[in-house]
J.: 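Below is the structure I would like to discuss, written out as structure tokens.
Just so it is clear: chains get the letters A, B, ... in the order the sequence lines come, proteins before strands, and each one is counted from 1. Worth knowing before you read on, the calculation uses all heavy atoms, side chains too, and leaves out hydrogens, waters and symmetry mates.
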Amino acid sequence: MRTWLTIILANLFRQRLRNLVTAFGVAIAIGMSFSILSFQKGYENGVRAELDRLGAHLLVVPKGCPYDAASIALHGASWPCYLKSVYLETVRKTPFVACAAPVLMTALYEEKSGEQQVYCGVEKNILQLRRGWRIDGVFPEGTGELLVGSELAKSNGWRLGQKVALPGLKNETGRISGILHPTQGADDFFIYVPIRDAQRYFRHPGELTHILVQLTDPERVKNVVEELRGCDAGLEMTIVPLSHLFQTIQHLIENTRLLLSCVALAALLTAACGVSNTILMAVSERTREIGVLRALGASPDAIFGLIWAETTVLCLVGGLSGLILALGSASLVETWLRQQLPYAPPERLIAPDVVTLLSCLGVCLLLATFAALIPAWRASRLSPAEAIREGAYTA
Amino acid sequence: MIGQGSIVRAENLRKIYRRGAEDVVAVDNVSFEVAPGEFLAIVGPSGAGKSTLLQLIGVMDNPTSGKMSIAGSEVSGLSDAARTRLRRETIGFVFQHFGLLPTLTVAENIGLPLLLSRERSRDRVEFLLERVGLAHRRNHRPAELSGGEMQRVAIARALVNQPRFLLADEPTGNLDSVNSAAILRLFQELRQDGLTIIAVTHNEEFARSADRRLTLRDGKVVS
């Protein structure tokens, strides 16, 4: 004997094309919502992880756009302007500064491979900020020593102690004193050298690109920023609190997400209207059948339940298809997003998880209930006599 | 006078429909009773109010005025839930248009009232399939059946919950003479088994086979 579920499925198969088109509308709406939610989560996690890896509370950069500077510091590139090394002492002397690590960063284009190689000139105190770093060998302190990222070492086949030609630098060689364990960030592709070497290689003696600052108390960010802005060197530097930077990026993404959420909501409402219309048509076509069911003893609640269940199955089929579609196309969407976004962390931008998945299924059920209300109510209110009579006219 | 042992009893039933600005009296002051095991044929010209009267007897509609009792219980004031239960447990319906669900097989259509009652009785369905001579068609869908076969399925479905009486609205109305005769024979067998039958019909032969006929004209009983 068939159960109600098979009756529901059989009813949905009666108008396959119509129901398929309707389910497709639900699939687009749910898939879009799922992608937006996963993107928000992935992006937030990515930015947070990237800032955590930087290990600093403040970024001191030359005068200019703080967001461009932050992006360069995080991802690695050539800087358009420089700070004087003497400012480092000013920063170090500022109250609540626990550590100020100078960096001279440059990106060189290597003709042979056609790729860009990022160099960071640093002092050993950077290890105070990068507490998560694990190094095979030792940190480079002597002239001509290098610390190389894991991916770079792997792709070039470099080994500890090996003397190598420095990519992009003619007639310069270095000895690999340490290889960095994978960090899942941009560091995996960088070469770290002592800052004096970097200043010599890139002909910027006595200059830096930025200073990474760690505070004794993160709550004192405001005091330190005010102190640094008020000092003599303050006019030459931009002080970027990374927590503010994170909030600003998040704020920008929130605005984008809000806009996209409105689009997704519009898609969900349109899908709900489409589903409701499809089920209303089905109820209209099956008026006499509903009348017969009522005559045979089906209660109004049973009819309401039948129509609601049909709507729910239709929406769930659409919703699940949308989720599969969104999961399947996540990498494609991610590639596209990376091309569009001015700043994208190396982590997965679209990070689907079970909570988001279940939330979307919940939205799908809500959509089904909303869409089913009018047709199910209408079907359940049909008087058996009228339904049979009306059906005779429409049949 | 109306007796006490009747299975269906109607007193001064009136049903008025509103059609636009006009009131249409479909059933006008009708009184009758049906004894257990009786076969009553309701006849009359089209528009006489036969089907409306059948819907009132089948508690599918409320009378505008008058009283209606089924198996000794007044039904006019019953709630929708109670009327639904009464239809499910007490009355078997046979429609002119058969009223089979096209997505279900013959066996599933017959078992549909059991599903609504949340009962399962494969034996009862099998028995009725044999009874109406459609055991070999149990897995066919209505679209694969002839008109006569569809009506036999509808009769089996009406009997599956073992109703107190059967209501049939033009059961031979959509059938040719051969199938009409077969359905008439089935009704006569049911009558012989003691089932109470109330049927609206235009078929003279069908009406003749009934114990009694109630003739309606313009909503009134004329004989």
J.: What pair of heavy atoms forms the shortest contact from B:Leu116 to A:Ala298, and how long is it?
T.: CD2-CB, 3.6 Å
J.: Pick one of side chain, backbone, both or neither for B:Tyr17, based on which atoms fall under 4.5 Å of a heavy atom in chain A.
T.: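 Just the side chain, heavy atoms under 4.5 Å.
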J.: Of all heavy-atom pairs between A:Ala295 and B:Phe93, which one has the smallest distance, and what is that distance?
T.: O-CE1, 3.1 Å
J.: Does the side chain of B:His97 reach to within under 4.5 Å of the side chain of A:Ile388, using non-hydrogen atoms?
T.: yes
J.: So with a 6.0 Å cut-off around CZ of B:Arg191, is the heavy-atom count from everything else above 12?
T.: yes
J.: Taking all atoms of both residues into account, what is the closest heavy-atom pair of B:Met60 and A:Pro384, and its distance?
T.: O-CG, 3.7 Å
J.: If you count every heavy atom of other residues, nucleotides or ligands that lies below 6.0 Å from B:Arg19 atom CZ, does the total exceed 12?
T.: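 No.
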J.: Verify the neighbour count for atom CD1 of A:Ile374: are there more than 12 heavy atoms of other residues, nucleotides or ligands below 6.0 Å?
T.: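 Counting other residues, nucleotides and ligands, CD1 of A:Ile374 stays at 12 neighbours or fewer.
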J.: For B:Arg164, look at atom CZ and say whether over 12 heavy atoms of other residues, nucleotides or ligands are found less than 6.0 Å away.
T.: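 No, not enclosed.
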J.: Take atom CZ of A:Arg378 as the centre, draw a 6.0 Å sphere, and report whether it contains more than 12 heavy atoms from other residues, nucleotides or ligands.
T.: no
J.: Mind checking the CG-CD1 spacing from B:Leu101 to A:Ile290? Nearest 0.5 Å is all I need.
T.: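 Spacing of CG (B:Leu101) from CD1 (A:Ile290) equals 10.5 Å.
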J.: Chain A heavy atoms under 4.5 Å from B:Arg157: which part of the residue, side chain, backbone, both or neither?
T.: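 The answer is the side chain of B:Arg157.
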J.: Donor-acceptor pair, distance only, cut-off 3.5 Å: does the side chain of A:Arg14 make one with the backbone of B:Thr103?
T.: no
J.: Please indicate whether A:Asp353 has more than 12 foreign heavy atoms, meaning atoms of other residues, nucleotides or ligands, lying under 6.0 Å from its CG.
T.: yes
J.: Using non-hydrogen atoms and a 4.5 Å limit, figure out which bit of A:Arg286 sits close to chain B: side chain, backbone, both or neither.
T.: neither
J.: How far does CG of B:Leu104 sit from CG of A:Asn11, to the nearest 0.5 angstrom?
T.: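 Between atom CG of B:Leu104 and atom CG of A:Asn11 there are 8.0 Å.
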J.: Once rounded to the nearest 0.5 Å, what's the spacing between atom OG1 of B:Thr84 and atom CG of A:Leu293?
T.: 12.0 Å
J.: Could you report the tightest heavy-atom contact between B:Pro102 and A:Glu289, atom names first, then the distance?
T.: CD-OE2, 3.4 Å
J.: Name the region of B:Asn161, side chain, backbone, both or neither, that has any atom closer than 4.5 Å to a heavy atom of chain A.
T.: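 Contact with chain A involves no heavy atom of B:Asn161 at all.
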J.: If I measure from the heavy atoms of chain B, does A:Ala302 come under 4.5 Å with its side chain, its backbone, both, or neither?
T.: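 For A:Ala302, there is no contact with chain B at all, as no heavy atom is under 4.5 Å.
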J.: Report the distance from atom CG of B:Asp80 to atom CZ of A:Arg381, rounding to the nearest 0.5 Å.
T.: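 One gets 7.5 Å once the value is rounded to the nearest 0.5 Å.
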